[in-house]
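Numbered from 1 within each chain, the chains take letters A, B, ... in sequence-line order.
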Number of protein chains: 2
Amino acid sequence: MADSEVHKPEKHIIPLTLTTLKAACSQCNLRELCLPYGLSEPEIEQLDSAVGARRRIKRQQNLYHAGEDFEAIYAIRSGFFKTDVLLEDGRNQVTGFQMAGEILGMDGISGETHTCNAVALEDSEVCVIPFSQLEQLSREIETLQHHFHKVMSREIVRDHGVMMLLGTMRAEERLAAFLLNLSQRFTARGYSPAEFHLRMTRDEIGSYLGLKLETVSRAFSHFQEDGLISVQQKHIVILNHAGLKQLLNHQPN
Amino acid sequence: MADSEVHKPEKHIIPLTLTTLKAACSQCNLRELCLPYGLSEPEIEQLDSAVGARRRIKRQQNLYHAGEDFEAIYAIRSGFFKTDVLLEDGRNQVTGFQMAGEILGMDGISGETHTCNAVALEDSEVCVIPFSQLEQLSREIETLQHHFHKVMSREIVRDHGVMMLLGTMRAEERLAAFLLNLSQRFTARGYSPAEFHLRMTRDEIGSYLGLKLETVSRAFSHFQEDGLISVQQKHIVILNHAGLKQLLNHQPN
DNA sequence: GCAGCTGTTTGATCTGTGTCAATGCGAATT
DNA sequence: AATTCGCATTGACACAGATCAAACAGCTGC
């Protein structure tokens, strides 16, 4: 869709010309959610110059694969991703869903190799931030350094939340937590808190939540029967936010 | 045990005198596992001066509590910790076990507040590294900055591994993975890969692995029947390392 | 319009792990 | 040596969610 103008066949890199460069961070309306958060105007312009390029990823294509060399982290400009890990024996699990303003690729820093796959769930665009440049810049700009540390730490805290979910919650609680989390993140991006389109399949939701797709489907149906949500395929309307929240705090034992 | 010499009643802080200061990192035999990894001698001495103090934590005491202000991260000098998260409804989960050379507290960076509890499972000692000083120093020392980023990233990768375990593995696979992981970490610290003492209870293992303590106990017994390990309360001997590993790759479906 | 595909829903049954309960063991205290 | 207390083990049974299976919906391409 309006994509055919880009045709460097390998990887759809959009080299930053003077005009696109200008647009990198300083013109970006995700500034407040993304890496530049808290930076002053001149600092943002420095960051602009570090952002190497933008890259378009079509639906179902990988931004990176597990095993590839790590060189950059990515800020999602638009679109929607999942990350997943593959075990030797073939089992795999979705470790997260990422949306605009969020950062992808930090798993690769530790071993200089990506440890998971990042796959676009819809046509997407990311800003490529070469990691060595980010490190250099964050040695110069204290605010950037601090904010990047917060971003990494937030990922750790998020992961702990998922561990909690997988370790202690029952199927319907997991799905309720998942929906509320999506709602909250869409809201932060200016979309409706109550109505949205799921970009992922039941199977992918199940993988993320440690459930089988049938269980996810049944939980959706049950929520609908109870008037908590309306589901039609991937179209979700949250009818009773508080009711969903209650599911989480209501302790069975 | 030989602990009564320390008696500043609040929090057992050991102020760094000239002699103890010298010992902070440059004299520490965990250098290679810990933050100073890769630093030159003079750089290590700079790091020494940033390490504020050491602190002793007795068994069952908290290094920090969820909700407390975040000011420092901690490097474990000796001992053994668990971290756990508490949900409003009272459910809680162990999110990790940490041993000498590992870093605690990075969850607190994002919100300037600790998000979990860190509890000593045996009498322990940590180095207190005030975070603002670490940030300042890592703006000056590129190697330190890079290594700190790796440490944070490693925590993310570790968490993904736990998510994998919780999301896709069966009870016995989880326990096998847990034992192999402990074995590997003890080995890296110069202890026996095959024989060790568990510092945590069955309940804590279960919480970490998303299982009930009875299930953990049964899995231990089963491993013993199969000659994979010998268990006697908290004393573990791994008799068949390869056999445990096989449990992980053997895919049921 | 129809065929074929992918993803979803729903039902029937099976099973791994949770739950409840009793017993056992070891370390600390007296 | 006896008592207590916190953990650990083991058994019997229940149940949430997995598995297997069939039907269905929506989309793409012909």
| query | Does Y208(A) have its ring centroid less than 6.0 Å away from the ring centroid of F97(A)? | reply | yes

| Counting side-chain heavy atoms from CB outward, which of dT9(C), dT19(D), dG18(C) is closest to R202(A)? | dT9(C)

| query | Which nucleotide, dT9(D), dT10(C), dT8(C), lies nearest any side-chain atom of S221(A)? | reply | dT10(C)

| field | Minimum-distance nucleotide to R170(B) side chain [options: dG16(C), dT10(D), dA18(D)] | value | dG16(C)

| request: Figure out the NE2/P separation between H222(B) and dA8(D), and round it to whole Å. | output: 20 Å

| query | Which part of the nucleic acid, if any, lies within contact of T201(A), taking any heavy atom under 4.0 Å across all strands shown: a base, the sugar-phosphate backbone alone, or nothing? | reply | sugar-phosphate

| note | From CD of E173(A) across to P of dA16(D) the rounded distance in Å is 12 Å

| request: Consider only side-chain N and O atoms of H160(B) and Q93(A), and report whether a donor and an acceptor are under 3.5 Å apart. | output: no

| message | Assess whether a salt bridge exists between E125(B) and K58(B), defined as any Lys/Arg side-chain N lying under 4.0 Å from an Asp/Glu carboxylate O. | response | no

| request: State, without any angle test, whether T83(A) and Q98(A) hold a side-chain donor-acceptor pair at a distance under 3.5 Å. | output: yes

| request: Would you kindly give the CD-to-C1' distance between Q60(A) and dG7(C), to the nearest whole Å? | output: 12 Å

| Taking atom C1' of dG6(D) as reference, at what distance in whole Å does atom CG of L213(B) sit? | 12 Å

| note | Rounded to whole Å, the CG-P distance (L211(A) to dA18(D)) equals 5 Å

| L179(A) and I238(A): which non-hydrogen atoms are nearest, and at how many Å? | O-CD1, 4.3 Å

| query | Residues in side chain to side chain contact (heavy atoms under 4.5 Å, CB included) with I103(A), at least two apart? | reply | C34(A), L35(A), I73(A), A75(A), M106(A), V151(A)

| task | Please work out if G210(A) contacts a base, only the sugar-phosphate, or nothing of the nucleic acid, heavy-atom cut-off 4.0 Å. | result | sugar-phosphate

| remark: With five pairs defining each end axis, the helix from dG1(C)-dC30(D) to dT30(C)-dA1(D) comes out bent, to 10°, by 40°

| field | Spacing between L198(B) atom CG and dA8(D) atom C1', to the nearest angstrom | value | 12 Å

| Using a cut-off of 4.0 Å between protein heavy atoms and nucleotide atoms, how would you tag nucleotides 20-29 of chain C 5' to 3' with B, S and -? | B---------

| task | Rounded to the nearest 0.5 Å, what's the gap from CD1 on I236(B) to CZ on F186(B)? Could you check? | result | 10.5 Å

| note | Closest of dG7(C), dT17(C), dG17(D) to the A171(A) side chain is dG17(D)

| query | Are the charged groups of R189(B) and E102(B) less than 4.0 angstrom apart, N to O? | reply | yes

| query | Thinking salt bridges, do E173(A) and R91(B) make one under a 4.0 Å N-O criterion? | reply | yes

| Is E122(A) paired with R199(A) through a side-chain N to carboxylate O contact shorter than 4.0 Å? | yes

| request: Select one nucleotide: of dG17(D), dG18(C), dT9(D), the one nearest the side-chain heavy atoms of T215(B). | output: dG18(C)

| note | In whole angstroms, the gap separating P of dT6(C) from CD of E204(A) amounts to 14 Å

| note | Separation of dA8(D) atom P from L175(B) atom CG, nearest Å, is 13 Å

| Can a side chain N or O of K212(A) be found less than 4.0 Å away from OP1 or OP2 on dT19(D)? | yes

